[in-house]
Amino acid sequence: MRHGQKSVNWRASVLVILAFFALLGIGLSLICGAVNITISDVLHSLFGGQSTYHDIIWNIRLPRTIVAALVGISLSLSGALLQGVMRNSMADPHIIGVSSGAGLFGIGILILFPAYAYLLTPVAFVGAIGAALLIYLMAWRGGVNPLRVILAGVAVSALLNSGISALLTLYSDRVGGALIFMVGGLSARSWPHVYILLPYTLIGTLLAVIGSQRLNIMALGEEQAKGLGLRVESHRLYFTVIATLLAASTVSVVGLLGFVGMIVPHSARLLIGSDYRWLLPACVLLSVGVLTISDTVARIIFAPMELPVGIVMGVLGAPFFLYLVRRRVL
């Protein structure tokens with residue numbers, strides 16, 4: 001049975017397993033840290049009982065866990081959409097330059113205009129959209145070829161990262177908060193960050209799910225999709241905008257967190273197949289588990305010192321990317 005043709009029972013079973021994996025990640029994130037808290041204390045705090053650790057759970061760990069889950073969902077769906085419209089499993093908002101556009105504008109706000117830090121999310125979105133448009137302009141030649149988009153994205157990403165490096169070099173006295181932004185971290189993320197991310201994640205997820213059947217049609221190939229009456233270019237742009245919205249919102253809150261949008265969709269596709277009606281829910285559940293567990297590892301591996309979760313994802317993502325390159329190219 002090929003991974004693109006899984007049975008309904010198999011797919012449903014995989015979703016149930018992934019739901020348990022997501023709950024495991026959430027549970028570990030709430031239990032583990034500088035102070036280990038028992039499951040009993042966590043449950044008492046969450047459901048209205050008295051607990052010594054009530055403030056730690058409600059004001060520190062729970063919002064951070066929710067932010068991790070929302071970031072994972074947003075980046076994994078962004079990657080799944082980009083992989084779908086470009087028909088390339090190596091597509092990822094971080095690799096093709098969308099996140100770098102958001103990052104350059106975000107770093108610019110943090111370093112040059114710190115008083116306007118409250119505008120970080122809309123400014124990051126403008127940067128991501130600008131990067132996406134530049135990529136499309138560079139890749140356009142009587143139409144958009146997915147491979148040209150990937151190559152143009154890598155070039156644009158390199159250009160934008162050079163801009164980020166220039167800002168960090170020229171304003172080295174102001175780079176304190178920008179360094180964590182460059183790597184991607186969840187430290188000190190709290191309820192206001194949940195409220196920033198939540199509407200973007202909900203809207204992006206809803207739009208992605210609504211368009212899942214059209215993504216399945218696009219996966220058949222450009223000619224077949226056009227033959228079925230689908231306006232391929234307009235839908236490619238539509239899904240790219242959704243992916244950009246999701247990626248930009250996460251960049252504005254946790255910085256340049258890479259590889260989630262590549263690892264999770266590809267892994268979910270291997271488990272559940274290529275039907276986007278099943279793939280997108282699988283990405284949601286798998287990403288919650290992956291990012292909450294990665295963040296827990298980042299918190300405890302060198303305790304009491306805490307690593308940014310972006311370092312853990314880089315350790316996981318770089319070998320995974322090389323595996324994809326070898327599998328597809330060599």
Side-chain angles (χ1 to χ4, degrees), residues 68 70-107 120-121 123-136 138-139 144 146 149-161 163-164 181-184 197 200-201 203-205 207-208 211 215 236-269 279-280 283-284 286-287 290-291 309-310 313-314 316-318 320-321 324:
L70 294 175
V71 166
I73 292 169
S74 295
L75 288 178
S76 66
L77 291 180
S78 179
L81 294 177
L82 290 173
Q83 289 171 19
V85 299
M86 297 177 189
R87 302 198 306 279
N88 191 315
S89 58
M90 292 186 289
D92 165 85
H94 190 72
I95 291 172
I96 72 165
V98 171
S99 292
S100 297
L104 177 60
F105 277 56
I107 289 284
L120 193 57
T121 300
V123 168
F125 180 63
V126 170
I129 285 290
L133 291 175
L134 181 57
I135 291 166
Y136 266 77
M138 291 179 64
V144 175
V149 173
I150 294 288
L151 296 175
V154 171
V156 168
S157 181
L159 175 65
L160 296 172
N161 284 330
I164 292 173
F181 187 90
M182 283 290 296
V183 179
L197 271 176
Y200 293 97
T201 305
I203 292 170
T205 301
L207 293 175
L215 284 165
R236 185 173 284 146
L237 181 60
Y238 167 76
F239 288 119
T240 301
V241 169
I242 297 172
T244 301
L245 171 71
L246 290 166
S249 64
T250 63
V251 169
S252 69
V253 171
V254 301
L256 298 174
L257 180 58
F259 294 113
V260 179
M262 180 180 61
I263 294 175
V264 173
H266 189 76
S267 301
R269 190 175 289 108
L279 178 62
L280 296 181
C283 286
V284 167
L286 181 58
S287 65
V290 167
L291 208 57
V309 68
M313 291 309 305
L316 294 174
F320 195 88
F321 180 73
L324 289 181

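All heavy atoms count here, side chains included; hydrogens, waters and symmetry mates do not.
- Residues Ala247 and Ser99 approach most closely at CB-OG, 4.2 Å, considering heavy atoms.
- With sequence neighbours left out, Ala208 forms a side-chain contact (heavy atoms from CB on, under 4.5 Å) with Leu81, Leu280.
- For residues 253-262, no pair satisfies side-chain hydrogen bond (donor to acceptor under 3.5 Å, both in side chains), with sequence neighbours left out.
- Taking every heavy atom of both residues into account, Ala102 and Ala248 meet most closely at CB-CA, 4.2 Å.
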inquiry  = Show, in sequence, the C-alpha distance, side-chain angles and deciding distance for Leu291 and Met313, and conclude whether the side chain to side chain contact (heavy atoms under 4.5 Å, CB included) test is met.
reply    = CA-CA 8 Å; Leu291 208 57; Met313 291 309 305; 4.1 Å; yes
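- Within the structure, side-chain hydrogen bond (donor to acceptor under 3.5 Å, both in side chains) pairs that include any residue of residues 252-261 comprise Thr121-Ser252 (at least two apart or interchain).
- The CG atom of Leu133 lies 8.5 Å from the OG1 atom of Thr244; values are rounded to the nearest 0.5 Å.
- Looking at heavy atoms from C-beta onward, Thr250 lies out of side-chain contact with Leu257 at the 4.5 angstrom threshold.
- Here CD1 of Ile107 is found 9.0 Å from CG of Leu120. Values are rounded to the nearest 0.5 Å.
- Going from atom OG of Ser78 over to atom CD of Gln83 covers 9.5 Å, rounded to the nearest 0.5 Å.
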query = Where do Tyr200 and Leu245 land on the side chain to side chain contact (heavy atoms under 4.5 Å, CB included) test, with the steps shown first?
reply = CA-CA 7 Å; Tyr200 293 97; Leu245 171 71; 3.3 Å; yes
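- The two atoms that bring Val260 and Gly72 nearest to each other are CG1-O, 4.1 Å, heavy atoms only.
- Qualifying side-chain hydrogen bond (donor to acceptor under 3.5 Å, both in side chains) partners for Thr205, counting only residues two or more places apart in sequence or in other chains: none.
- Every residue meeting the side-chain hydrogen bond (donor to acceptor under 3.5 Å, both in side chains) condition with Thr240, not counting sequence neighbours, appears here in chain and number order: Tyr136.
- Counting heavy atoms from C-beta outward, Ile164 and Leu256 have side chains that approach closer than 4.5 Å.
- In this structure Ser74 satisfies the side-chain hydrogen bond (donor to acceptor under 3.5 Å, both in side chains) test together with Thr201, sequence neighbours excluded.
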task = Please report the C-alpha distance between Leu286 and Ser267 in whole Å, then the side-chain angles of each, then the deciding distance to 0.1 Å, and finally whether the side chain to side chain contact (heavy atoms under 4.5 Å, CB included) criterion is met.
result = CA-CA 9 Å; Leu286 181 58; Ser267 301; 3.9 Å; yes
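- How far OG of Ser157 is from CG of Leu104: 11.0 Å, rounded to the nearest 0.5 Å.
- We find the CG-CG distance between Asp92 and Leu75 to be 8.0 Å, quoted to the nearest 0.5 Å.
- Paired with Leu77 under the rule side-chain contact (heavy atoms from CB on, under 4.5 Å), one option of Leu207, Leu279, Leu246 passes, and it is Leu246.
- Looking at heavy atoms from C-beta onward, Val156 lies out of side-chain contact with Ser100 at the 4.5 angstrom threshold.
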